[in-house]
Each structure stands twice: as C-alpha cells, then as structure tokens.
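Here's the structure we're looking at; comments come further down.
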Amino acid sequence: MRGGGLLVAGTTSDAGKSVVTAGICRWLVRQGVKVAPFKGQNMSLNSFVTREGAEIGRAQAMQAQAARVEPTALMNPVLLKPGSDRSSQVVLMGKPVGELSARGYHGGRQKELFEPVLACLEELRGTYDAVICEGAGSPAEINLRRTDIVNMGIARAAKLPVVVVGDIDRGGVFAQFFGTTALLSPEDQSLVAGYLVNKFRGDVSLLEPGLDMLHGLTGRRTFGVLPYAHGLGIDEEDGLRVSLRGAVRESVVAPPVGADVLRVAVCAVPLMSNFTDVDALAAEPGVIVRFVDRPEELADADLVVVPGTRGTVKALAWLRERGLADALVRRAAEGRPVLGICGGFQVLGERIEDEVESKAGVVDGLGLLPVRIRFGVEKTLARPVGEALGERVEGYEIHHGVAEVLGGDAFISDDNGHGLEGCRVGSVWGTHWHGSLESDGFRRAFLREVAAAAGRRFVPAPDTSFGALREEQLDRLGDLIEEHADTDALLRLIENGAPEGLPFVPPGAP
C-alpha cells in the first residue's frame with residue numbers, strides 16, 4: 001500500500017522548511033503514524049553518516065530522529081557539498097560521484113537524477129504511512145523549474161500536495177505567498193493547497209484580515225500561524241547558524257556549577273562544515289561559545305576550536321591571512337587548549353598533501369601536531385566507537401584526508417587501550433571524528449581537562465544529557481504544529497492529496 005505524503009515548500013531559503021518538516025514528523029509519530037522525512041536534493045556542508053555508511057544532510061538525519069526512525073540514504077538521495085561559489089561535490093545515495101559546476105549540474109546531470117530520486121520517494125511511501133518531503137529554496141525559482149527534482153518537479157511526479165511556508169519575521173510574507181503561487185504553472189498551482197506562516201510575533205487576530213484577503217486572492221487557506229519561538233531549531237543546512245546552541249543558551253537558566261565560566265572560540269573558517277559539533281559544548285551550563293574571525297578574539301578564550309571544512313588548504317590560508325594561525329601557534333606554545341576537528345585537525349598537522357580537494361600539492365600545516373595528511377580519492381564514511389579520557393565516545397567520519405600520526409599520544413583508543421584515532425600533544429588535540437562531544441561522559445572529561453589547562457575553576461554539570469536536550473527540542477517542534485496548525489486539515493492533505501478545484505492565480509509561469 002502506498003503511503004500518503006506532503007511537500008513542505010518555502011517562499012525563500014531559511015523560511016523554516018526544515019523546522020516545519022521536523023515538527024510535522026514529530027507530531028505524526030506521536031499520533032501513532034509511521035512517518036519518514038525526505039528531501040530529494042540538498043545543498044549543505046552539514047552532513048551525517050548513516051549506519052550503512054551513507055552521507056546525507058544533517059537536517060534529514062535530525063528529521064528522522066523527529067520521526068523516531070533510523071536515517072537512511074533514501075531520505076536524501078542527492079547531496080551537494082559546495083567547494084566554491086561555482087562548484088559542488090555531488091553525493092548520490094550517500095557516496096560521492098564527482099565534482100560538478102553549477103552549469104554542468106543544472107545543464108544535464110540534474111535531469112538524469114530525477115528517476116533515482118523519485119524511486120527513493122516511492123520506496124519510502126511503500127514502507128511508511130506518510131512521507132513528509134522538504135523542498136529547497138523556493139518553488140518559484142522559474143529559471144530552475146525545467147530541471148527541478150526537489151520542489152514542484154517531485155510534487156507533480158508523485159502527486160504530492162504542497163504547503164508553502166513563509167517567514168513573517170522578515171516582512172513581506174503576503175506578497176511572498178501570492179507571488180510564489182502566481183509564478184507557477186496551472187499544473188503546479190493545482191497542487192499548492194495553502195500556506196503556513198512562520199515566526200509570528202504578537203496577536204494573531206491582527207493578522208487574520210490579511211489571511212482572509214490572501215484566501216480571497218488565491219483561493220487557498222492558511223493552515224496555521226506558528227509563533228516566534230526563541231531557541232527553536234534543528235541542524236541547519238548552511239549558513240553560520242548553530243541552532244541547538246542558540247536554543248540551549250536561551251533555555252538553560254542554571255548558573256555554572258563551578259566558580260568560573262568557560263569561554264570557547266570557534267574559528268569561522270571558509271566552507272565550514274559540521275559546525276554543529278560545538279552545539280554539545282554550548283549545551284553545558286557555564287560554557288560560552290562564539291564564532292570568531294580575528295586573532296584578538298582568541299585572547300580570552302579558554303578553548304579554541306578549529307572546526308571541519310570542505311576546503312582544508314583554503315582554511316589554512318585564511319587562518320594565516322587573518323593572523324589566526326600565529327595566534328594558534330602562540331597558544332600551543334603557552335600550553336593553552338586547542339581542538340581541531342576533521343579539517344581543523346588536518347590544519348594543525350605538519351604537512352598536507354592534497355591532489356584531490358584543492359589540488360595544491362604539498363602545503364605546510366601549522367605544525368602543532370606530529371601528523372601528516374594525504375588526501376585520497378576515496379572518502380572515509382564511518383560511524384566509529386572508541387574510548388577517550390576514560391569514557392566511551394561515539395562519532396562519525398566524513399573526510400578524504402588520511403592521517404599519518406608520527407608522534408604524540410592517540411586521542412581516541414579502542415576497547416583494549418590501543419591508539420585508534422587522532423592525536424594529542426599537551427593541550428592540543430585533534431580528531432577526524434565529528435559528533436564526539438555529544439557523548440556526555442567524554443564531553444565532561446574533556447571540559448575538565450580544558451579547565452585545568454586554562455586555569456579555570458569550571459566544573460561540568462553532572463547531569464547534562466545532550467540527547468535529552470535534543471529530544472526536548474524536537475518535542476517543542478511537534479508542540480508548535482499540534483498547538484498552532486490545523487492538524488486535521490494537514491492530515492487530510494497527507495492522506496488524500498490537494499483538494500480539487502483550486503483556482504488558478506494569474507499570470508502563471510512565464
């Protein structure tokens with residue numbers, strides 16, 4: 001039996017599609033509905049590794065958690081990982097298949113991917129009661145409609161009803177709803193069932209006359225007005241946003257357990273990837289996390305994190321141009337804590353040999369760790385488990401660089417105490433493992449080490465559970481949908497599709 005479905009589109013990028021999709025998934029699973037998320041094509045530097053070793057967008061992995069199902073490659077068959085303003089690595093069914101320019105991708109390759117993407121959606125619909133699909137950008141990007149495989153292209157092929165989300169906090173949401181609808185062809189418009197207002201502040205009664213006029217103009221209703229909720233979010237697709245970090249900092253009211261706070265500075269390197277690694281640090285009471293791009297901003301930091309990046313050599317050059325490289329070298333010489341994660345780990349090593357990502361050849365690293373990096377064609381995608389600082393640690397690996405550790409101590413060991421991964425010299429640590437700080441015991445042990453090296457009287461809270469905090473966030477998203485959307489109407493859409501006889505709004509697609 002084929003399950004129902006819904007496409008959550010948006011008037012713009014960052015209108016709230018990811019959040020609404022996750023919220024609908026959590027609301028449905030709480031009603032006993034077996035539900036899965038789906039996004040045909042995602043462009044993001046924040047990715048995740050599934051248990052079968054497939055790379056997908058982190059937003060889809062978080063939506064799967066909202067749906068209480070294990071994420072798989074079916075949920076995000078095409079992932080684009082930008083390497084510059086003009087090109088991206090194409091990841092198909094969790095594996096990289098090449099690097100393409102935007103022109104090359106939209107000029108032909110994207111059309112080739114349509115059938116595999118549709119097949120993934122149909123497989124999910126054959127397994128689940130409902131599949132909640134997330135669009136990308138806006139469905140009214142008329143220059144890309146011909147090759148679209150994520151918005152109205154997939155909605156038309158799968159006969160999915162569409163709800164358009166608009167961010168009213170930005171202003172102009174009525175024009176966005178009307179214009180988005182009016183720029184679609186009659187066939188596409190027939191699937192647009194209505195709208196969802198996101199991030200509304202104030203008295204909803206003041207908005208209702210506008211919603212009535214929008215209904216009169218388009219013949220389409222608004223399915224809900226979601227209030228502005230501070231600190232809500234799931235893992236972002238791109239941009240310098242740390243959703244859970246912001247949420248936890250606003251919601252945690254407990255003071256630091258110890259006498260001091262701990263200040264963490266994260267170097268905002270170019271093509272920063274998986275910056276969500278630091279969310280778990282900010283979940284700790286008394287830990288203050290900020291992103292920096294100037295050397296003087298490292299002066300009062302107790303820990304500096306060099307995060308992952310899709311361009312290791314580019315990030316290294318950026319650190320040097322900004323004076324941050326010299327500041328990191330000085331910190332290491334003074335015994336002040338530095339942590340490198342994935343690309344950040346590679347930057348801290350002695351030498352990088354790269355004929356794959358940047359094709360820059362041999363480049364000197366910062367020399368803070370006795371590690372040499374050689375980029376291989378094959379990408380490492382794994383979900384490893386080990387032990388560090390006496391605690392169990394889990395993570396995931398996404399990298400082309402292969403590390404040859406020539407000295408120091410292993411950062412992470414196997415169950416028998418043998419070095420498994422990463423490197424540590426004094427107060428400088430490096431690891432390829434993303435997500436390791438989400439392991440509560442390890443994170444607390446690491447922060448105790450940082451505090452001791454920094455001379456701070458900071459004490460990690462004994463009961464902070466990152467997993468529990470994330471579950472609370474997802475439940476809050478489900479609450480938003482349940483309390484502020486017409487869930488009966490949404491369920492009818494998911495089960496029955498778009499209503500018949502929706503009027504055409506001129507002028508339509510050019």
Side-chain angles (χ1 to χ4, degrees), residues 1-11 17 20-21 24-25 27-28 33-42 60 63 67 74-78 110-142 144-165 177 180-196 218-224 481 485-505 508-509:
M1 181 178 174
R2 190 183 191 219
L6 175 72
L7 176 70
V8 178
T11 57
K17 297 183 293 291
V20 169
T21 299
I24 293 174
C25 285
W27 160 67
L28 283 171
V33 177
K34 187 180 179 184
V35 58
F38 177 80
K39 185 163 185 173
Q41 172 198 293
N42 200 348
Q60 278 61 64
Q63 289 161 357
L74 291 172
M75 297 172 185
N76 180 206
V78 179
Q110 190 177 31
K111 289 181 69 174
E112 297 173 13
L113 298 174
F114 183 78
E115 290 303 324
V117 166
L118 186 60
C120 289
L121 174 58
E122 291 306 308
E123 185 171 344
L124 288 174
R125 293 184 76 179
T127 306
Y128 292 89
D129 300 330
V131 179
I132 308 303
C133 307
E134 180 187 344
S138 164
E141 290 166 350
I142 53 180
L144 303 178
R145 177 62 183 90
R146 181 177 58 86
T147 56
D148 170 46
I149 63 173
V150 65
N151 288 311
M152 300 312 299
I154 202 77
R156 281 266 293 277
K159 296 181 173 57
L160 293 173
V162 178
V163 172
V164 181
V165 178
F177 284 144
T180 297
T181 309
L183 279 177
L184 302 179
S185 69
E187 294 81 5
D188 286 353
Q189 285 193 26
S190 69
L191 295 172
V192 176
Y195 314 107
L196 260 175
T218 67
R220 289 158 175 86
R221 56 168 300 190
T222 298
F223 291 98
I481 298 299
D486 186 339
T487 51
D488 289 340
L490 289 177
L491 198 55
R492 285 194 297 271
L493 286 179
I494 293 167
E495 293 176 342
N496 304 323
E500 297 288 337
L502 290 168
F504 171 69
V505 181

Practice task
Given side-chain contact (heavy atoms from CB on, under 4.5 Å), test Val150 with Asn42 step by step and report yes or no.
Solution key: CA-CA 8 Å; Val150 65; Asn42 200 348; over 6 Å; no
Exercise for the section: Please lay out, stage by stage, how Thr181 and Val164 fare under the test side-chain contact (heavy atoms from CB on, under 4.5 Å). Expected result: CA-CA 9 Å; Thr181 309; Val164 181; 5.6 Å; no
Exercise for the section: Could you please spell out the steps behind the side-chain contact (heavy atoms from CB on, under 4.5 Å) verdict for Ile132 and Val20? Expected result: CA-CA 10 Å; Ile132 308 303; Val20 169; over 6 Å; no
Exercise for the section: Determine, stepwise, if the pair Ile149 / Ile154 fulfils side-chain contact (heavy atoms from CB on, under 4.5 Å). Expected result: CA-CA 5 Å; Ile149 63 173; Ile154 202 77; 5.8 Å; no
Exercise for the section: Output, in order, the C-alpha distance, side-chain angles, deciding distance and verdict of side chain to side chain donor-acceptor pair (under 3.5 Å) for Tyr195 and Thr11. Expected result: CA-CA 10 Å; Tyr195 314 107; Thr11 57; over 6 Å; no
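Side-chain contact between Leu7 and Leu191 is absent, with no heavy-atom pair separated by less than 4.5 Å. Residues Val163 and Phe223 are in side-chain contact: their nearest non-hydrogen atoms beyond the backbone lie under 4.5 Å apart. Considering only heavy atoms from C-beta on, Phe177 stays 4.5 Å or farther from Val192 through its side chain. Contact of the Glu187 side chain with the Met152 side chain is not registered, since no non-hydrogen atoms from C-beta on lie closer than 4.5 Å. At least one side-chain heavy atom of Cys133 sits less than 4.5 Å from a side-chain heavy atom of Leu121. Residues Leu502 and Gln189 fail the side-chain proximity criterion, which asks for heavy atoms closer than 4.5 Å. Side-chain contact between Lys34 and Thr127 is present, with at least one heavy-atom pair separated by less than 4.5 Å.
Distance alone, capped at 3.5 Å, is enough to place a donor-acceptor pair between the Asp148 side chain and the Gly153 backbone. For the pair Arg145 (side chain) and Ala509 (backbone), a donor-acceptor distance under 3.5 Å is absent. Proximity of a side-chain donor or acceptor of Asn76 to a complementary backbone N or O of Val78 within less than 3.5 Å is detected.
Atom CD of Gln63 is separated from atom OG1 of Thr21 by 5.0 Å, given to the nearest 0.5 angstrom. A distance of 10.0 Å separates NZ of Lys159 from OG of Ser190, quoted to the nearest 0.5 Å. Atom CD1 of Ile494 is separated from atom CG of Leu160 by 10.5 Å, given to the nearest 0.5 angstrom. Taking CD1 from Ile481 and CG from Leu490, the interatomic distance works out to 7.0 Å, rounded to the nearest 0.5 Å. Here the OG1-CZ distance, from Thr218 to Phe504, works out to 13.0 Å after rounding to the nearest 0.5 Å. Between the CG atom of Leu491 and the CG atom of Asn496 there is a distance of 8.5 Å, given to the nearest 0.5 Å.
The shortest non-hydrogen separation linking Gly194 to Arg220 is CA-CB, 4.0 Å. The heavy-atom pair separating Ala498 from Leu493 by the smallest distance is CA-CD2, 4.2 Å. Among all heavy-atom pairs drawn from Arg221 and Ala489, the shortest one is NH1-CB, 3.6 Å. In plain terms, the two heavy atoms of Ala9 and Val162 that are nearest each other are CB-CG1, 3.8 Å. Closest non-hydrogen pair, Ala136 versus Gln41, comes out as CB-O, 4.3 Å. Heavy-atom minimum distance, Ser138 versus Asn151: O-ND2, 3.6 Å.
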